[in-house]
Colleague: 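Below are the structure tokens for one structure; questions will follow.
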Amino acid sequence: MFSWLKEETELQKLQKRYCRLMKNAYNLAIKDKNKSDQLHDEASRIMSRINKLEHQQL
């Protein structure tokens, strides 16, 4: 009922950030390949943190 009052977990924040970075990297790929690669690398680091958090919860 009050899900909008719940604070996001660290995992949810990282997942949103990963998704945003991947979308930006995809959109920049045509215009600026280097910047796109940088964003993709950052997204990969975030994905590894997401995987670690998911395995800790199990």
Side-chain angles (χ1 to χ4, degrees):
M1 183 171 162
F2 292 104
S3 62
W4 55 273
L5 287 177
K6 289 184 181 179
E7 202 167 307
E8 289 184 340
T9 64
E10 182 70 22
L11 182 61
Q12 290 170 332
K13 288 178 186 178
L14 287 172
Q15 288 171 336
K16 283 185 178 181
R17 187 171 177 204
Y18 173 79
C19 186
R20 193 175 335 116
L21 284 170
M22 289 303 289
K23 284 180 184 178
N24 288 341
Y26 176 77
N27 290 333
L28 276 174
I30 296 170
K31 299 175 188 174
D32 188 359
K33 178 73 170 137
N34 291 331
K35 182 69 174 175
S36 174
D37 288 343
Q38 290 173 354
L39 291 177
H40 195 275
D41 289 341
E42 185 177 349
S44 295
R45 287 191 297 273
I46 290 174
M47 181 52 80
S48 67
R49 289 175 55 194
I50 289 171
N51 289 335
K52 286 179 186 177
L53 285 174
E54 286 177 343
H55 288 294
Q56 287 177 354
Q57 291 179 351
L58 296 177

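Basis for what follows: all heavy atoms, side chains included, without hydrogens, waters or symmetry-related copies. Just so it is clear, the model here is predicted, and its values are computed rather than measured.
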Colleague: With rounding to the nearest 0.5 Å, note down the distance linking CG in Leu53 to CD1 in Ile50.
Modeller: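 So the CG of Leu53 and the CD1 of Ile50 are separated by 8.0 Å.
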
Colleague: Identify the two heavy atoms, one from Ala25 and one from Ser36, that lie closest to each other, and give their separation to 0.1 Å.
Modeller: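 Here Ala25 and Ser36 meet closest at O-OG, 2.7 Å.
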
Colleague: Which value, rounded to the nearest 0.5 Å, describes the distance between Leu28 atom CG and Asn34 atom CG?
Modeller: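 Going from the CG atom of Leu28 to the CG atom of Asn34 covers 11.0 Å.
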
Colleague: Once rounded to the nearest 0.5 Å, what's the spacing between atom CZ of Arg17 and atom CZ of Arg49?
Modeller: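 Between atom CZ of Arg17 and atom CZ of Arg49 there are 7.0 Å.
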
Colleague: Is the shortest side-chain N to carboxylate O distance from Lys33 to Asp37 below 4.0 Å?
Modeller: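 Asp37 and Lys33: salt-bridged.
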
Colleague: Taking a hydrophobic cluster as the set of Ile, Leu, Val, Met, Phe, Trp and Tyr residues connected by side-chain heavy atoms closer than 4.5 Å, whether directly or through intermediates, do Tyr26 and Leu21 fall within one such cluster?
Modeller: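 Result: no, two separate clusters.
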
Colleague: Are Gln15 and Glu54 packed together at the side-chain level, in the sense that at least one heavy-atom pair is separated by less than 4.5 angstrom?
Modeller: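 Side chain of Gln15 against side chain of Glu54, heavy atoms only: contact under 4.5 Å found.
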
Colleague: Is the side chain of Ser44 donor-acceptor paired with the backbone N or O of His40 at a distance under 3.5 Å, no angle test?
Modeller: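 Flag set: sc Ser44 to bb His40 pair under 3.5 Å.
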
Colleague: Over all heavy atoms of both residues, which pair between Leu14 and Ile46 is shortest? Give the atoms and the distance, please.
Modeller: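 For Leu14 and Ile46, the tightest heavy-atom pair comes out as O-CG2, 3.6 Å.
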
